[in-house]
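First up is the structure itself, then whatever we jot down about it.
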Number of protein chains: 2
Amino acid sequence: MPRTAEGRSTPTLPDVARAAGVSTATAARALGGYGSVRPETRRKVQAAAADLGYRANGLARSLITGSTDTIGVVLADIENSFFARALRGIADTAHAAGFEVVLVNSDEDLDNERNAVRVLTEKRVDGLVVCPADARDISHLRTVHDAGIPLVLLDRRVPRLAADVVGIDNHAAAQEATAHLIAAGHTRVALLTGGDPSLAAALQVPDLVGVERLAATTVGTRAAGYRDALLAAGLPVDPVLVSVEGFHRADAAAATHRLLGLPEPPTAILALDSLLALGVLQALRERGLTCPDDLSVIGFDDAEWALVSSPPLTVVAQPVYEIGAEACRLLLRRMHGGAHRAVRKVLPTSLIVRGSVGAPARTRRSPASG
Amino acid sequence: MPRTAEGRSTPTLPDVARAAGVSTATAARALGGYGSVRPETRRKVQAAAADLGYRANGLARSLITGSTDTIGVVLADIENSFFARALRGIADTAHAAGFEVVLVNSDEDLDNERNAVRVLTEKRVDGLVVCPADARDISHLRTVHDAGIPLVLLDRRVPRLAADVVGIDNHAAAQEATAHLIAAGHTRVALLTGGDPSLAAALQVPDLVGVERLAATTVGTRAAGYRDALLAAGLPVDPVLVSVEGFHRADAAAATHRLLGLPEPPTAILALDSLLALGVLQALRERGLTCPDDLSVIGFDDAEWALVSSPPLTVVAQPVYEIGAEACRLLLRRMHGGAHRAVRKVLPTSLIVRGSVGAPARTRRSPASG
DNA sequence: AACGGGTTTGAGAACGTTCTCATCTATTTG
DNA sequence: CAAATAGATGAGAACGTTCTCAAACCCGTT
């Protein structure tokens, strides 16, 4: 039993009631703001509560009311600015509605995610926002959904699960970015997916056929957009230019080094998130190359630094904060309202053209020798 | 009462016990992993639980065990990479010890922080990590501390509160950075504090006398370090060069524009966090100036982009992740162990020299005209 | 056959609230 | 003046676990 420094155990409602000379029920009403209480009684109780340093026990309250005013959020990694911004959108919206947020990082690991979902539901969160790590196994999400616990998916769609989803049109966004590079004259455009190596097989299919059915939907759908832009321009899809080497900055840098070391290196690169783009720029510096002279670059997400890199980075901007906010709004709606059909909300993206895309240099010439 | 789609109410322990043909107590032991249960009984109960889709109610459990296995974290803004990284350190450490994390953004606002602390304690978190917004009013923190709830302060010290603190030696770090600029030949060094305008008065004192006693201790202590470096070099402390214009990127950009528009503009600037440094670089671009030719810059925190800006940014690097991790470790220790004396943990910083500091250009000449 | 010590089990209290329902008072209405 | 109505209060159940304590059981020993 928790005790203060002086040895008193923390005061409870009966203690307050006793001190105020009323019943527990009345004390509860006076402090909880429900039922009806005489103003004078209320003051008496409030005074007693303040005097004792009473602090309501939310656990007991939640146990009986059946709601915790808390939502659970499962993201890959809060250090990634995409998730940090999305979480801010979620948290602000939740907070305005009187909810707190419990956060778990999954690190894109399915086991972590499963565990997180279990723990959060045991803690009886009123709803869940999840950015699913792997669409291939969603049994835990199905369980949650079937148990009637409000669930909204963030950024990534999962087939055969009737939950609300908030995201962007990944296919169109990737296609637009790729088309922009092609329009600048590029014919060898690399794709940095940041995907897990376990996806390599699916992404090394000739011509990326069927890649849109790929497990981690964001990567799959964007890869399909990339592919379709190339095909629409009559360009070949070269599996060698598709990198699936992990989602850390160092992975992206390594992938860039590999790509630039190819006999026929790419002249442009599309990085599927801002951290990967950062890795590309870093690798260019390490090689003493410059952008866009030696390599044109487009990244996903308008990172805070995109304006101050040299050159400023051309990006596909997503309304990240709004994605989070909208996810939370859908969740709140589902928590209050009845069981309407699953909503699929697609928010607009925009290609922000800055200085990192130029015409290709003389091709067929190893940049390492220039 | 929560019900599944099929109309069943969510199963409870008595339901499982009934299905398994044992008492609630035995079912609880079998699933909770405490007490002793015959292996065969355990299997029977587990089967029944799985069959019914039983999910333990953590609220009831916490109500009786007296612990929620949850810690509360109150930070200024999770979108700020400093806090995101620190939170990651906290969360990883907490998670490894079996704790979840509830996060609240205070936006450096005292009322928000007060509220957050109240709500979190009502939710009966087992401990709190707080980055206090304002050291001038800490009554809510004192209440928490006096109630015997484990509390660790992150990054900022608060006078007259015997709570554990984790941070860096702000005075030394700022002094070292300032001295580095002076050693490069600069005599007019500006300071971008990112402080709240309410601190302006305290920071506009001639020679920054007594600034170390300033409310938001990080700003105050760093300003004192800056001051002492100047004084040690026999240089004057010019209040005009001390900016207190808010902690957003745009604030920093505006402040930079103001400073560069002065009759005698600074030739170097020390920005007290990475977002502020970003604002400085952005303002330089907007003016068509280059760093370090027109202005030398040092920032706090080794941001992810510090390597790819042009030029790469010289920074005071803090072990941010470790600050968070250590804060959580202290909290865990205090949650388990007895009431030992308050610990003050100071982690080392390092000045990482890159390209953003050079010799001052011809002074006494408005850069705008150059 | 009785005993002793350990393991396994069950009944019921406990945690600290909110909720239900009945009672009591004050006030208005017919 | 009786009756109806609304407001304020209290007693006790309920939420779903874990904890306490006593009883039942098992097995080997005397």
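So you know, we letter chains A, B, ... as the sequences are listed, proteins then strands, and number each from 1.
Closest approach of A97(A) to L332(A), counting heavy atoms only: CB-CD1, 3.8 Å.
When the nucleotides dG10(C), dG16(D), dT18(D) are ranked by their closest atom to the side chain of T12(B), dG16(D) comes out on top. Comparing dT18(D), dT9(C), dG16(D) by their nearest atom to the side chain of V37(B) picks out dT9(C). Listed candidates were dT17(D), dG10(D), dT9(C). Nearest to the side chain of P14(B) is dT17(D). The side chain of T26(A) sits closest to dG10(D) out of dG16(C), dT17(D), dG10(D).
Atom CG in D69(A) sits about 16 Å away from atom P in dT17(C), given to the nearest Å. K123(B) places its NZ atom 14 Å from the P atom of dT17(C), with the value rounded to the nearest Å. Rounded to whole Å, atom P of dG16(C) lies 11 Å from atom CG of L13(A). A straight line from CG of L63(B) to C1' of dT18(D) spans 10 Å, rounded to a whole angstrom. The CZ-P distance, from R18(A) to dG10(D), rounds to 14 Å in whole Å. Atom NZ of K44(A) and atom P of dA8(D) are 14 Å apart (whole Å). Summarising the geometry, the separation between CG on L59(A) and P on dT18(D) is reported as 14 Å, rounded to the nearest angstrom. As rounded to whole Å, 13 Å separates atom C1' of dG16(D) from atom CG of L31(B).
The base of dG10(C) lies close enough to the side chain of R29(B) for a donor and an acceptor atom to sit less than 3.5 Å apart.
R55(A) and T121(B) share a donor-acceptor pair across their side chains, judged by distance under 3.5 Å alone. Under 3.5 Å, the side chains of T65(B) and S62(B) contain no donor-acceptor pair of N or O atoms. Defined by atom type and a distance below 3.5 Å, a donor-acceptor pair is present between the side-chain atoms of K123(B) and T70(A).
For dT8(C), the OP1/OP2 oxygens have no side-chain nitrogen or oxygen of R38(B) closer than 4.0 Å. For the OP1/OP2 pair of dT8(C) and a distance below 4.0 Å, the side-chain nitrogens and oxygens of S36(B) include at least one atom meeting the criterion. Using a 4.0 Å cut-off, some side-chain N or O of S23(B) falls inside it from OP1 or OP2 of dG10(C). Applying the 4.0 Å criterion to OP1 and OP2 of dT20(C), one finds that Y34(A) has every side-chain N and O outside that range.
When the options D134(A), D137(A), D109(A) are evaluated for a salt bridge (Lys or Arg N to Asp or Glu O under 4.0 Å) with R114(A), the one that passes is D137(A).
Backbone-only engagement by T41(B) is indicated by non-hydrogen atom pairs under 4.0 Å involving sugar-phosphate atoms exclusively.
Nearest-nucleotide mapping onto DNA chain C: of R124(B) and I64(B), the residue sitting toward the 5' end is I64(B).
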